[in-house]
Every structure is written in structure tokens, then in C-alpha cells.
There are 2 protein chains.
Amino acid sequence: MNLPPLVQSFVLHFGEMGSRWGINRTVGQIYALLYVSPRPLCADDIVEALGVSRSNVSMGLRELQAWNLVLLRHIPDDRRDHFTTPDDVWQILRVLAEERKKREVDPTLSVLRELLMQTPGSEEERHAQARMAEMHGLIERLTTWYEDVKRLETERLAALLALGAKVTRLLEAKDKVVGLVRGKRES
Amino acid sequence: MNLPPLVQSFVLHFGEMGSRWGINRTVGQIYALLYVSPRPLCADDIVEALGVSRSNVSMGLRELQAWNLVLLRHIPDDRRDHFTTPDDVWQILRVLAEERKKREVDPTLSVLRELLMQTPGSEEERHAQARMAEMHGLIERLTTWYEDVKRLETERLAALLALGAKVTRLLEAKDKVVGLVRGKRES
DNA sequence: CATAGATTTCAGAAAATTCTGAAATCACGG
DNA sequence: CCGTGATTTCAGAATTTTCTGAAATCTATG
């Protein structure tokens, strides 16, 4: 590996974190490298930069494409494929959320649905099913909320984030106003 | 493994998903089993139910405790430790969010901070640092939002979730009201 | 349609992780 | 402070994942 120190530290860190994030070291490193690179890189650039085998890079890029985390770019007068990451970090966040949901949540949701359809054959199963229903309910709330906010344009999403817990104050204010209006109408 | 079919399916699913969630099969299975069990279980119950070695269960429980995902319970007149999961699913969600943040986000945040302190030695490093700054900015926004909402009581949190994207309408309404008040004052 | 370069596939090597059984440690009642 | 049962530790076995190099496949062009 032969990279500027700053870049190298970043790349190595992503490699180490890879396993915690559900990707392997090479995939993490490739992503990190593309993320900070000022221009699209081809597979051989990556081999050169990271010092891993060509085939490993090929597989890594393939996985990153499955995650929608890298983009294919064509450079004029060069037959080789070149790769970058989307440069809007919000876009990256969206993609990441979507993919993790797809891989980590959706399968469980569908198993839960299936198990909740079945008729329990004992008290123990009845209890288990009640617990599964609780889990299912929570996950469903979370995913519908997610489906909802993911449609927001970035600007609105950012505004919402910035608001943070202050939203509740807004909520209280709303409740008060609504209460007032109702009161008036009913008097 | 000898479990009621419903429970078994659930447990097996958690085992399979384990690797995607950053835990191993046994840990996933132990958690699932405790989650649906109507009473706290001791290590031997788990050995019996899952058909894995005693030592593996010991290690699994230890990891789940590190995650704050299981609770130690004492049963009168029984020397053995017994284990359960918290029964409020919202509580579980909070713990999960906290632990994943600690493991998957915080280390990166601190590496980024460190790298952003350094002085770039080349144009390439300067660009890399700018990209890191973008990433850092986004993560910081997300984590401060998270720190904010995690303090909300469950009821308020649920209300917020239920509101979903409709918050923006509330936001618009607020802007209008504020605008009105300002307009009045300035006229 | 032959060829050269680019890319992917895949079987097996290497590395990492998970799991086990035996031994060590702990903790408590007698 | 001994003995019994519960629990943990840990070295190595088993399994899984990751990585490599060689061969196969693809693709654009002359």
C-alpha cells in the first residue's frame, strides 16, 4: 500500500471497521479509497493503491455495486471501467439506510409476519407469539416512519435533524392551538 | 434442538441473521430464545434448548451482557444465574441504538476528528480532507439528533414516529405563524 | 472474426471466527 | 476450610470467510 498518510489512515480505518459494518476489509478499503479520491479510479489503480489481488478488487467492486455505493464512470479514450462514490454524502446516507434495511430488517419482518399467521399449539407458543407481535409492531412503526422521511428532500431532512428534540415543543404548541380552536368552536 | 416449532423457527432465523447483525449464530439464537421465553432461563436450559456446548453458551451470554441485551435474574432457592431480555421493546431499541452507535459510529467519528486536525501535505490530501470533513459533518448532525431524541420518553418518541413526514407540514405551519407575528410587529 | 486488453470466475490456500471439551476458578453451604 | 456444583477460561478443532492466481470469458476494434 502506497498512499499519502492521511488517505492511508482513512483507508486502513475503513478496512478495520468493515467487519463491524457487515463488509470485509478489502471492500471497506476500496470504498474509503474511492470516497476520498479526487478522480474516478480503475481496478488496477485500486490494486496498486491497496496492494491486494486483482480478483479481490473485482469482487469488492462487485459487492459495492450491489450495495449501490459505487458508480461506474467512463473516461474518454480508456476502455477500462472507472469507479467513484456518489459525492453527495446525504445521498450516500440514503443508499446505506435503504440497503441495510433491505438486508438486516426486511427478512426478519417477513419471518415475523409468517410466524404470526400460525396458530399457537401451546401456552408457550402463545406467549412467544405475543412477544413476536410486539417486535413486529415496533419494526413496522420504524419502517413506516423511515419510508416516510426518506422521501423528504435533503433540505427538509436536514431541517428536521437540526430541530432534533425541539420538535416536541412544536408538537405541544400545535396541541395547544388545536385545543384552543376546538374550545372556541364548542363554546 | 428441541423447541416448539414457532419458537424454533424464530430462534433459527435469529441465528442466521446473526452474522448480518454483527453477532454470531449462537449469540443470535440465545437472544431469540430468551426474548420469547415466558420465564428467565439458566445456562443449562439454553444448552438443552439449543444443543450447543456449555462453554459456547457462557461466552454468548457474556457477549449479550456486554451489549446490555440480557438481564441477570435470580430465582429464589436456585444458585444458578438466570437470564432474560428487557421486556419493553422500546427499551431494547434504545439499547441497540446506543450499542451500535458506540461500536459502529464513534470510532470512525474519532478517527475523522483526528485526521481533520492534521495539515494536508499535498493537493490530494487536501481534497481527501475536504471529503472527510463532509462525512464528519454529516455524522455529527446525525449523532446530535440521536442524542437529542434518545432522551425523549417513549410516549413522545412514539408520537414523533407516528407523525412521520407530516412533521414538515407542522414546520410549514410554524413558519407561517412566525412570519405572521413578525409581519405584524414590523408593520 | 481474430486479437489484445479488460474483467470475471472459481478452486483451493490462507486467515479469521466460532465452537468445544477439559481443566481451572469461583462461591457458597456445611 | 472442605466439597460440591456453577461458571469461566482457553488451547486447539471445526467451520466459515476472505483472498489469490490461473484459467475462462467478455468486448471493442482493426
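Lettering follows sequence order; numbering is per chain, from 1.
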Rounded distance (Å) that lies between atom P of C:dT18 and atom CZ of B:Arg62: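 To the nearest whole Å, that distance equals 16 Å.
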Length of the CE-P vector between B:Met1 and C:dC19, whole Å: 12 Å
Close residues, residues 12-33 of chain A, relative to DNA chain D [heavy-atom separation under 4.0 Å]: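 Of all residues in residues 12-33 of chain A, the ones placing a heavy atom under 4.0 Å from DNA chain D are A:Asn24, A:Arg25, A:Thr26.
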Close residues, residues 65-81 of chain B, relative to DNA chain D [heavy-atom separation under 4.0 Å]: B:Arg79, B:Arg80, B:Asp81
Just by modelled atom types, is the [Y] backbone N or O under 3.5 Å from a matching donor or acceptor in the [X] side chain?
| X | Y | result |
| --- | --- | --- |
| B:Gln129 | B:Gln118 | yes |
| B:Arg80 | B:Ala43 | no |
| B:Tyr31 | B:Val70 | no |
| B:Gln91 | B:Pro86 | no |
| B:Arg20 | A:Arg103 | yes |
| A:Arg94 | A:Lys150 | yes |

Sidechain N-carboxylate O distance under 4.0 Å for B:Lys101, B:Glu98: no
Residue closer to the 5' end of DNA chain D, B:Asp44 versus B:Met59 (nearest nucleotide):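 Its nearest nucleotide lies further toward 5', so the answer is B:Asp44.
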Name of the residue among A:Asp81, A:Leu33, A:Val47 meeting side chain to side chain contact (heavy atoms under 4.5 Å, CB included) with A:Leu41: A:Leu33
Among B:Asp87, B:Val7, B:Val89, the one residue meeting side chain to side chain contact (heavy atoms under 4.5 Å, CB included) with B:Tyr35: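 Exactly one candidate clears the test, B:Val89.
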Positional range of nucleotides in DNA chain D within the contact set of chain B, heavy-atom, under 4.0 Å: D:dG5 to D:dC10
Spacing of NZ belonging to B:Lys102 relative to CH2 belonging to B:Trp67, to within rounding of 0.5 Å: 9.5 Å
